[in-house]
Amino acid sequence: MSDKKLKTTKLANKTVVGPHSEQAKDTEHSRLSSESNGPSEGASASNELSALEEAFRKFAVHGDTRASGKELHGKNWSKLCKDCCVIDGKNVTLTDVDIVFSKVKKKSCRTVTFDQFKEALGELAKKRFKDKPGKEAVEEVYKLIEGKSPIISGVTKAVVSPTVSRLTDTSKFTGSHKERFDASGKGKGKAGREELVDMSGYVPGYKHAGTYAQKVKGSKQI
């Protein structure tokens with residue numbers, strides 16, 4: 001009887017311990033997998049920039065190939081406010097933008113970080129959207145900037161000077177300079193610079209030059 005009891009006890013212990021050990025392994029495996037996936041997901045989420053920060057970086061590197069995109073200097077701060085219509089000429093002016101920039105940056109620095117940038121926008125939002133509460137005003141300013149890029153100006157057109165245009169008007173040339181251009185203002189080239197001898201056999205200025213052969217040929221046909 002004692003042997004039978006020992007056998008049954010061992011079998012019971014085997015049936016109980018087996019499932020618990022497998023469950024423990026599964027729990028440990030899921031814990032390790034969650035720990036391994038956790039930091040990578042967090043890192044990828046942190047790498048995703050918001051639309052506001054993306055615009056900040058685009059303006060931060062504008063015109064400066066050495067810029068890291070993490071700091072914005074005063075010139076590009078002013079450009080951002082102009083290009084994104086934060087400056088409206090009424091509630092927010094260029095002077096307001098300069099004052100706020102000097103206020104949020106450190107005394108020894110010429111640039112602002114992204115956090116200081118948001119602080120500056122918060123100051124301007126109070127003036128730009130006076131009729132809205134603080135948070136709504138800030139959100140409206142953010143909307144003006146999110147997803148925007150610096151506006152690249154076109155090629156500057158040359159300003160025509162009246163003095164230059166008068167000096168280059170060939171119709172007003174006199175003397176030997178006049179002979180160098182035709183009636184349309186096109187240069188005659190060598191003919192306008194040198195006196196070429198007319199070897200055609202006609203008197204200079206004769207209007208019917210080159211028609212003699214045609215007249216002779218016509219008279220023979222008659």
Side-chain angles (χ1 to χ4, degrees), residues 38-173 184-187:
S40 61
E41 290 177 358
S44 61
S46 62
N47 289 333
E48 293 180 0
L49 300 177
S50 64
L52 182 67
E53 189 172 0
E54 186 178 354
F56 170 84
R57 294 200 174 194
K58 287 180 180 179
F59 278 92
V61 300
H62 177 68
D64 188 357
T65 56
R66 296 176 298 176
S68 62
K70 297 181 180 180
E71 294 179 344
L72 183 71
H73 57 73
K75 183 179 179 181
N76 283 359
W77 156 254
S78 299
K79 180 173 178 58
L80 182 147
C81 292
K82 288 179 183 177
D83 292 354
C84 299
C85 299
V86 177
I87 297 175
D88 61 353
K90 295 180 181 179
N91 298 323
V92 178
T93 63
L94 182 60
T95 304
D96 296 325
V97 168
D98 292 338
I99 291 173
V100 169
F101 183 82
S102 299
K103 181 179 178 181
V104 299
K105 76 176 185 65
K106 294 182 179 180
K107 292 182 179 180
S108 59
C109 296
R110 296 182 179 180
T111 58
V112 293
T113 62
F114 181 65
D115 291 334
Q116 292 170 336
F117 168 73
K118 291 194 293 184
E119 183 182 350
L121 292 180
E123 293 288 333
L124 294 177
K126 299 174 184 178
K127 296 185 176 182
R128 183 68 169 79
F129 299 98
K130 295 180 178 179
D131 57 338
K132 294 186 177 183
K135 290 184 178 180
E136 290 185 12
V138 172
E139 289 176 359
E140 291 297 326
V141 172
Y142 285 1
K143 288 179 183 178
L144 293 175
I145 301 170
E146 289 174 346
K148 299 292 180 64
S149 301
I151 297 174
I152 301 174
S153 303
V155 179
T156 306
K157 295 182 178 179
V159 179
V160 179
S161 171
T163 305
V164 175
S165 61
R166 185 173 65 252
L167 293 173
T168 55
D169 186 359
T170 58
S171 63
K172 296 180 181 180
F173 288 0
S184 64
K186 184 178 180 180

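Applying the salt bridge (Lys or Arg N to Asp or Glu O under 4.0 Å) test to every pair with at least one member in residues 99-118, sequence neighbours left out, gives these pairs: Lys103-Glu123. Among pairs with a residue in residues 65-77, none fulfils salt bridge (Lys or Arg N to Asp or Glu O under 4.0 Å), at least two apart in sequence or across chains.
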Inset, instruction - Determine, stepwise, if the pair Leu52 / Ile145 fulfils side chain to side chain contact (heavy atoms under 4.5 Å, CB included). - result: CA-CA 6 Å; Leu52 182 67; Ile145 301 170; 3.9 Å; yes
Legend entry - Criterion salt bridge (Lys or Arg N to Asp or Glu O under 4.0 Å) on Glu139 and Lys135, from CA distance to verdict: CA-CA 6 Å; Glu139 289 176 359; Lys135 290 184 178 180; over 6 Å; no
Legend entry - Verdict with reasoning, Asp64 to Asn76, per side chain to side chain contact (heavy atoms under 4.5 Å, CB included): CA-CA 10 Å; Asp64 188 357; Asn76 283 359; 5.8 Å; no
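In terms of heavy atoms, Asp96 sits closest to Lys127 at OD1-NZ, 3.5 Å. The two residues Arg128 and Cys85 come nearest to each other via the heavy atoms NH2-O, 3.0 Å. Nearest heavy-atom pair across Asp88 and Asn91 is OD1-N, 3.0 Å. What you find for Thr111 and Gln116 is that their closest heavy atoms are O-OE1, 4.0 Å. Here the closest heavy-atom approach between residue Ala60 and residue Ala67 is recorded as O-CB, 3.6 Å.
The structure places CG of Asp83 at 10.0 Å from CD1 of Ile152, a figure rounded to the nearest 0.5 Å. Separating the SG atom in Cys81 from the CZ atom in Phe101 is a distance of 10.0 Å, to the nearest 0.5 Å. Rounded to the nearest 0.5 angstrom, Leu80 CG and Leu121 CG are separated by 7.5 Å.
Residues meeting the side chain to side chain contact (heavy atoms under 4.5 Å, CB included) test with Asp131, sequence neighbours left out: Phe129. The side-chain hydrogen bond (donor to acceptor under 3.5 Å, both in side chains) test applied to Glu140 returns Lys132, not counting sequence neighbours. For Ser149, the side chain to side chain contact (heavy atoms under 4.5 Å, CB included) partners are Lys58, not counting sequence neighbours. With sequence neighbours excluded, the residues satisfying side chain to side chain contact (heavy atoms under 4.5 Å, CB included) with Ser78 are Leu94, Val97, Asp98.
By the 30° and 60° cut-offs, the orientation of the rings of Phe117 relative to Phe56 is tilted.
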